[in-house]
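Heads up: the structure comes next, in structure tokens.
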Amino acid sequence: MPERGLLSMEEIQIATIGSFCSNEACEDYNKVNHGNVIKSGKTDKGVQRYLCKTCKKSFTETKGTMFYRCRHTEDEIVECMSMLGDRNSLAAIHRIKGIKEETVMKWLEKASDHVEQFKLLVRKKKLSRVQFDALWTYVYHKGEKKAELKKMQEELFGVEKP
């Protein structure tokens, strides 16, 4: 019997995207399994799209994740991140995968904002410990080294004159 105010593991349920509307202006906002959210096709990349019948707003299953509004697949993004973990340069990733250096840098910034989710993805993809450590160091320090990141961008792409 759990202590008063605490839930047992059987009582804890995690709401998944698509089981509630996340639009704060909707009258059914955050009401789980209320029946107002239905599947509404998929994006070009195969990401499930949902529609709230109450507020008529649509959203994808990636909302609130590091993959939200990304035009590349989750596998492509994770593969590029693992290439960084293997100490490939941004230029090498561009040559090999055809993905712009700026795009990979944006993914790094997103990964630094979603570190916990990123760690789960890395585990799911079964990257080696060395890759994981290198990625963790690379992503973790991107948030601390904004000045270095800006300097690197300026070196790669030039300085914009005001």
Side-chain angles (χ1 to χ4, degrees), residues 1-85 90 93-94 97-127 131-132 134-147 149-150 153 157 160:
M1 179 94 182
E3 290 182 35
R4 191 173 171 174
L6 297 177
L7 298 173
S8 69
M9 289 304 283
E10 292 80 30
E11 294 172 310
I12 295 175
Q13 293 182 349
I14 298 173
T16 57
I17 293 178
S19 65
F20 63 93
C21 181
S22 59
N23 176 15
E24 292 180 13
C26 181
E27 64 184 60
D28 289 329
Y29 169 66
N30 275 353
K31 293 181 181 174
V32 179
N33 296 326
H34 198 63
N36 57 313
V37 178
I38 58 170
K39 288 184 177 182
S40 181
K42 293 190 176 194
T43 66
D44 293 342
K45 296 295 178 187
V47 176
Q48 183 64 55
R49 186 173 288 143
Y50 295 96
L51 175 71
C52 175
K53 295 189 288 186
T54 306
C55 67
K56 307 291 187 233
K57 295 285 184 182
S58 67
F59 56 94
T60 62
E61 66 184 348
T62 58
K63 186 168 181 161
T65 71
M66 66 181 279
F67 302 108
Y68 186 57
R69 292 195 170 153
C70 285
R71 295 173 188 248
H72 293 81
T73 65
E74 180 180 323
D75 287 339
E76 288 175 310
I77 294 170
V78 172
E79 186 176 355
C80 288
M81 297 294 110
S82 68
M83 290 174 74
L84 284 171
L90 293 170
I93 293 170
H94 175 68
K97 302 291 291 173
I99 297 172
K100 291 182 180 180
E101 295 172 23
E102 300 95 332
T103 302
V104 177
M105 289 177 68
K106 285 180 186 175
W107 295 341
L108 285 171
E109 289 174 19
K110 281 185 167 188
S112 69
D113 292 338
H114 296 88
V115 172
E116 292 304 315
Q117 177 193 15
F118 187 73
K119 286 195 310 190
L120 292 173
L121 285 169
V122 170
R123 286 188 191 130
K124 186 171 86 174
K125 297 294 180 185
K126 295 185 173 63
L127 299 179
Q131 285 177 310
F132 180 75
L135 269 175
W136 174 251
T137 302
Y138 198 88
V139 170
Y140 181 73
H141 289 296
K142 281 299 173 191
E144 295 175 359
K145 297 181 180 177
K146 293 287 184 193
L149 178 63
K150 187 173 182 180
Q153 286 175 323
F157 310 112
E160 207 173 287

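All values derive from a computational prediction rather than experimental measurement. Starting from 1, each residue takes its place in the sequence as its number.
In this structure, Ser58 has no side-chain hydrogen bond (donor to acceptor under 3.5 Å, both in side chains) partners at least two apart in sequence or on a different chain. Residues forming a salt bridge (charged side-chain N to carboxylate O under 4.0 Å, His left out) with Lys57 (at least two apart in sequence, or on another chain): none. Among residues two or more places apart in sequence or in another chain, the ring pair (Phe, Tyr, Trp, His ring centres under 6.0 Å) test is passed with His34 by none. Residues that satisfy the side-chain hydrogen bond (donor to acceptor under 3.5 Å, both in side chains) test with Lys39, not counting sequence neighbours, are absent from this structure. In this structure Lys100 satisfies the salt bridge (charged side-chain N to carboxylate O under 4.0 Å, His left out) test with no other residue, sequence neighbours excluded.
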Would you please test His72 and Thr103 for side-chain contact (heavy atoms from CB on, under 4.5 Å) and show each step?
CA-CA 10 Å; His72 293 81; Thr103 302; 4.2 Å; yes

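A 4.5 Å side-chain heavy-atom check between Leu90 and Leu84 finds at least one atom pair inside the cut-off. At least one side-chain heavy atom of Cys21 sits under 4.5 Å from a side-chain heavy atom of Asn36. Contact annotation: the side chain of Ile99 approaches that of Cys80 to within less than 4.5 Å [non-hydrogen atoms, C-beta and beyond].
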List, one per line, each side-chain donor-acceptor pair under 3.5 Å for residues 59-67, sequence neighbours excluded.
from: Thr60; atom 1: OG1; to: Thr62; atom 2: OG1; distance (Å): 3.0
from: Glu61; atom 1: OE2; to: Gln48; atom 2: N; distance (Å): 3.3
from: Thr65; atom 1: OG1; to: Thr62; atom 2: O; distance (Å): 2.5
from: Thr65; atom 1: OG1; to: Phe67; atom 2: N; distance (Å): 3.2

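With rounding to the nearest 0.5 Å, the separation of CG in Leu51 from NZ in Lys56 is 7.0 Å. Residue Cys55 holds its SG atom at 11.5 Å from CD of Glu24, rounded to the nearest 0.5 Å.
Taking all atoms of both residues into account, the shortest heavy-atom contact from Trp107 to Glu76 is CZ3-O, 4.5 Å.
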